[in-house]
Amino acid sequence: MNTHALAVLSLGILLASTASAQNTPADPVLAELGQPVYTRYCVSCHGASGQGDGPVAPVLRPMPADLTKIAERRGGTFPAGEIARTIDGRFAIAAHG
(Lines give C-alpha, C1' and ligand atoms only; values in the text may rest on other atoms or scores of the structure.)
Protein backbone atom coordinates (compact mmCIF):
# COMPACT_ATOMS: atom_id res chain seq x y z
CA MET A 1 0.00 0.00 0.00
CA ASN A 2 1.44 3.39 -0.91
CA THR A 3 1.98 6.11 1.64
CA HIS A 4 -0.83 8.31 0.38
CA ALA A 5 -3.39 5.50 0.57
CA LEU A 6 -2.19 4.59 4.05
CA ALA A 7 -2.59 8.20 5.16
CA VAL A 8 -6.11 8.46 3.74
CA LEU A 9 -7.26 5.23 5.37
CA SER A 10 -5.62 6.02 8.69
CA LEU A 11 -7.04 9.53 8.66
CA GLY A 12 -10.47 8.02 8.04
CA ILE A 13 -10.33 5.86 11.12
CA LEU A 14 -8.86 8.71 13.14
CA LEU A 15 -11.63 11.05 12.03
CA ALA A 16 -14.19 8.43 12.94
CA SER A 17 -12.74 7.97 16.41
CA THR A 18 -12.57 11.69 17.10
CA ALA A 19 -15.98 12.43 15.61
CA SER A 20 -17.78 10.65 18.42
CA ALA A 21 -15.89 12.71 20.97
CA GLN A 22 -16.92 15.90 19.14
CA ASN A 23 -20.54 14.85 18.50
CA THR A 24 -20.05 15.10 14.74
CA PRO A 25 -21.01 12.39 12.27
CA ALA A 26 -18.25 10.03 11.18
CA ASP A 27 -17.95 8.59 7.68
CA PRO A 28 -18.67 4.89 8.28
CA VAL A 29 -17.06 3.86 4.98
CA LEU A 30 -13.75 5.56 5.82
CA ALA A 31 -13.89 4.13 9.32
CA GLU A 32 -14.40 0.61 7.97
CA LEU A 33 -11.62 0.97 5.41
CA GLY A 34 -9.20 2.51 7.90
CA GLN A 35 -9.78 0.05 10.76
CA PRO A 36 -7.38 -2.69 9.53
CA VAL A 37 -4.68 -0.09 8.80
CA TYR A 38 -5.08 1.49 12.23
CA THR A 39 -5.06 -1.95 13.86
CA ARG A 40 -1.86 -2.94 12.07
CA TYR A 41 0.15 0.25 12.49
CA CYS A 42 -1.29 2.26 15.37
CA VAL A 43 -3.01 0.12 18.02
CA SER A 44 0.18 -1.12 19.67
CA CYS A 45 0.97 2.43 20.84
CA HIS A 46 -2.25 4.46 20.62
CA GLY A 47 -4.57 1.64 21.68
CA ALA A 48 -7.77 0.30 20.16
CA SER A 49 -9.68 3.29 21.50
CA GLY A 50 -7.04 5.80 20.33
CA GLN A 51 -6.47 7.06 23.86
CA GLY A 52 -2.73 6.34 23.98
CA ASP A 53 -3.20 3.16 25.99
CA GLY A 54 -1.85 0.50 23.64
CA PRO A 55 -0.01 -2.55 24.98
CA VAL A 56 3.45 -1.01 24.50
CA ALA A 57 2.45 2.47 25.71
CA PRO A 58 3.66 2.01 29.31
CA VAL A 59 7.28 1.62 28.20
CA LEU A 60 7.31 4.52 25.73
CA ARG A 61 8.65 7.98 26.52
CA PRO A 62 7.02 10.21 25.65
CA MET A 63 3.71 8.42 26.07
CA PRO A 64 1.65 8.03 22.88
CA ALA A 65 -0.83 10.82 22.20
CA ASP A 66 -4.51 10.47 22.98
CA LEU A 67 -5.84 10.69 19.43
CA THR A 68 -9.40 11.25 20.63
CA LYS A 69 -8.45 14.66 22.02
CA ILE A 70 -6.68 16.15 18.99
CA ALA A 71 -9.38 18.75 18.35
CA GLU A 72 -9.69 19.53 22.05
CA ARG A 73 -5.96 20.28 22.22
CA ARG A 74 -6.36 22.63 19.24
CA GLY A 75 -9.24 24.74 20.46
CA GLY A 76 -12.00 22.56 19.01
CA THR A 77 -10.68 22.31 15.44
CA PHE A 78 -9.51 19.02 13.95
CA PRO A 79 -6.49 19.74 11.71
CA ALA A 80 -7.09 17.05 9.07
CA GLY A 81 -4.25 18.21 6.81
CA GLU A 82 -1.73 18.26 9.65
CA ILE A 83 -2.81 14.81 10.78
CA ALA A 84 -2.57 13.42 7.24
CA ARG A 85 0.98 14.81 6.94
CA THR A 86 1.89 13.20 10.26
CA ILE A 87 0.47 9.82 9.26
CA ASP A 88 2.09 9.70 5.83
CA GLY A 89 5.48 10.92 7.06
CA ARG A 90 5.62 14.43 5.57
CA PHE A 91 5.65 15.82 9.12
CA ALA A 92 8.10 13.75 11.10
CA ILE A 93 7.31 12.37 14.53
CA ALA A 94 10.44 10.82 16.03
CA ALA A 95 8.51 7.94 17.57
CA HIS A 96 7.01 7.07 14.17
CA GLY A 97 10.48 6.30 12.77
| query | Is there a donor-acceptor pair under 3.5 Å between the side chain of His46 and the backbone N or O of Ala65? | reply | yes
| query | Going through the checks in order, is the side-chain hydrogen bond (donor to acceptor under 3.5 Å, both in side chains) test met by Thr86 and Glu82? | reply | CA-CA 6 Å; Thr86 300; Glu82 176 188 336; 5.2 Å; no
| For the residue pair Gly52 and Ala57, what are the closest heavy atoms and their distance? | O-CB, 3.3 Å
| said: For a quick test of reading the model, state the closest non-hydrogen atom pair linking Leu60 to Val56 and the distance between them. | reply: CG-O, 3.4 Å
| message | Nearest 0.5 angstrom please: Met63 CE to Asp53 CG, how far? | response | 8.5 Å
| query | What distance separates Phe78 CZ from Glu72 CD, expressed to the nearest 0.5 Å? | reply | 13.5 Å
| note | Heavy-atom closest pair (Val43 atom, Ala48 atom, distance to 0.1 Å) is CG1-N, 3.9 Å
| Rounded to the nearest 0.5 Å, how far does OG of Ser49 lie from CG of Asp66? | 7.5 Å
| request: Please confirm whether the backbone N or O of Pro36 pairs with a side-chain atom of Arg40, one donor and one acceptor, at under 3.5 Å? | output: no
| Minimum heavy-atom separation for Arg74 to Pro79, with atom names? | CD-CG, 3.3 Å
